[in-house]
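Keep in mind that the numbers below use all heavy atoms, side chains included, and drop hydrogens, waters and symmetry copies. Just so it is clear, the model here is predicted, and its values are computed rather than measured.
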Amino acid sequence: LSPSDWLLEALGQLWWQAELGMSPEAWLLEGCREELAASGGAMEDLVGYSSEGLRQAQYGELCDVLTQTWNLERSLVCGLFGEGASPTSLEYGTERVLKEILSRPLVEPPLSGFYDCFYLMTHIVYVLNCFNGALPNIRTDCPWLYAYLERCLTFWLRE
């Protein structure tokens, strides 16, 4: 695994340890701190794209960047490293990725590329509810998003 892949996997494991009320494994926590500090918060190193480079990312790549950025930001914001123990700040966060996504036109079915666009939009829903099936999805928060998802699903139901 690359250092960034290791970090993202390790952060997921630390998150579940915290969710289950377990103490974090010291070696895992220290490894995450070291990898994040070594990156200096450079998102190109962490998720593959600098802030400016996001413009070149395809929809499928943006889906990965969105979920990885959310994972990193969640870990920092929620104090996964301990109270006041953030190893670094990130070059950009979830808001920047969402702004890039929203600057692009939606690819409607059956046009080429609509599947990747659709998949990305489903992950915006996941990020909005923190990947939590118990949190409600509130249609009025993003009516354009749910309308798009419904158009895509209607297309597939007819196919």
Side-chain angles (χ1 to χ4, degrees), residues 1-19 28 31-32 35-36 38-78 80 86-159:
L1 289 174
S2 71
S4 63
D5 287 338
W6 182 89
L7 175 62
L8 291 162
E9 290 294 326
L11 287 174
Q13 186 167 343
L14 284 177
W15 183 262
W16 282 111
Q17 288 174 348
E19 282 289 307
L28 192 60
C32 288
E35 287 298 331
L36 199 50
S39 75
M43 294 301 279
E44 188 167 3
D45 294 339
L46 293 167
V47 300
Y49 289 92
S50 66
S51 183
E52 298 79 29
L54 284 175
R55 293 183 198 110
Q56 277 67 52
Q58 301 297 313
Y59 283 117
E61 295 164 327
L62 278 172
C63 188
D64 290 341
V65 171
L66 175 64
T67 56
Q68 292 168 351
T69 301
W70 175 83
N71 184 8
L72 289 163
E73 193 170 36
R74 171 190 70 171
S75 300
L76 294 171
V77 170
C78 293
L80 195 59
S86 179
T88 191
S89 58
L90 302 175
E91 173 189 352
Y92 62 82
T94 305
E95 179 183 9
R96 172 67 184 94
V97 181
L98 289 171
K99 283 182 179 179
E100 177 59 36
I101 293 167
L102 295 175
S103 74
R104 299 175 182 211
L106 295 172
V107 181
E108 297 288 339
L111 297 175
S112 176
F114 99 88
Y115 174 80
D116 286 339
C117 185
F118 170 79
Y119 190 75
L120 173 59
M121 297 305 138
T122 63
H123 282 69
I124 291 175
V125 173
Y126 298 149
V127 166
L128 290 176
N129 74 11
C130 298
F131 282 79
N132 186 332
L135 289 176
N137 293 312
I138 302 171
R139 185 182 180 94
T140 56
D141 286 346
C142 286
W144 64 269
L145 175 62
Y146 292 99
Y148 174 76
L149 293 172
E150 285 178 358
R151 288 192 305 275
C152 290
L153 290 172
T154 299
F155 168 78
W156 271 319
L157 288 173
R158 282 186 271 149
E159 288 297 302

Quiz item: Residues two or more places apart in sequence or in another chain: which of them pass salt bridge (Lys or Arg N to Asp or Glu O under 4.0 Å) with Glu100?
Solution: Arg96, Arg104

Is the count of non-hydrogen atoms from other residues, nucleotides or ligands lying under 6.0 Å from [X] atom [atom1] greater than 12?
| X | atom1 | result |
| --- | --- | --- |
| Phe155 | CZ | yes |
| Tyr115 | OH | no |
| Glu95 | CD | no |

Self-check item: ring pair (Phe, Tyr, Trp, His ring centres under 6.0 Å) involving Phe118 - partner list, sequence neighbours excluded
Solution: Trp156

Please report the shortest heavy-atom distance between [X] and [Y], naming the atom on each side.
| X | Y | value |
| --- | --- | --- |
| Ser50 | Tyr92 | C-CE2, 3.6 Å |
| Pro87 | Leu36 | CG-CD2, 3.8 Å |
| Trp70 | Val127 | CD1-CG1, 3.7 Å |
| Ile124 | Leu145 | CG2-CD2, 3.7 Å |
| Val107 | Gly113 | CG1-C, 3.7 Å |
| Ser4 | Asp45 | CB-O, 3.3 Å |

Practice problem: Would you check, one step at a time, whether the test side-chain contact (heavy atoms from CB on, under 4.5 Å) holds for Glu73 with Leu90? | Solution: CA-CA 8 Å; Glu73 193 170 36; Leu90 302 175; 4.3 Å; yes

Atom pair [atom1] ([X]) and [atom2] ([Y]), whose distance is rounded to the nearest 0.5 Å:
| X | Y | atom1 | atom2 | answer |
| --- | --- | --- | --- | --- |
| Leu46 | Thr69 | CG | OG1 | 8.5 Å |
| Ser103 | Leu98 | OG | CG | 11.0 Å |
| Cys63 | Tyr126 | SG | OH | 9.0 Å |
| Tyr148 | Phe114 | OH | CZ | 7.0 Å |
| Glu35 | Ser39 | CD | OG | 8.5 Å |
| Arg74 | Thr94 | CZ | OG1 | 10.5 Å |

Quiz item: Under the side-chain contact (heavy atoms from CB on, under 4.5 Å) criterion, do Met121 and Ile101 qualify, and how do the steps go?
Solution: CA-CA 9 Å; Met121 297 305 138; Ile101 293 167; 3.7 Å; yes

Could you pull out every donor-acceptor pair under 3.5 Å between side chains of residues 9-17 and any protein atom, sequence neighbours left out?
{"unit_1": "Gln17", "atom_1": "OE1", "unit_2": "Glu25", "atom_2": "N", "d": "3.3"}
{"unit_1": "Gln17", "atom_1": "NE2", "unit_2": "Glu25", "atom_2": "OE2", "d": "2.8"}

Exercise. Quick one: which residue pairs count as a salt bridge (charged side-chain N to carboxylate O under 4.0 Å, His left out) with a foot in residues 108-134, not counting sequence neighbours?
Key: Glu108-Arg151

Quiz prompt | Pairs involving residues 46-65, ordered by first then second residue, that meet salt bridge (charged side-chain N to carboxylate O under 4.0 Å, His left out) (sequence neighbours left out) | solution = none

Exercise. Output yes when a side-chain donor or acceptor of Glu91 lies under 3.5 Å from a complementary backbone atom of Ser51, and no otherwise.
Key: yes

Exercise. Give the ring-plane orientation class for His123 versus Phe131, where under 30° counts as parallel, over 60° as perpendicular and anything between as tilted.
Key: perpendicular

Quiz item: Are Leu54 and Lys99 close enough, and set up right, to give a side-chain contact (heavy atoms from CB on, under 4.5 Å), and what steps lead you there?
Solution: CA-CA 10 Å; Leu54 284 175; Lys99 283 182 179 179; over 6 Å; no

Exercise. Give every residue pair that meets the side-chain hydrogen bond (donor to acceptor under 3.5 Å, both in side chains) criterion with at least one member in residues 133-144, sequence neighbours excluded.
Key: Asn129-Asn137, Arg139-Glu150

Quiz item: Passes side-chain contact (heavy atoms from CB on, under 4.5 Å), Ile138 versus Leu128? Steps please.
Solution: CA-CA 9 Å; Ile138 302 171; Leu128 290 176; over 6 Å; no

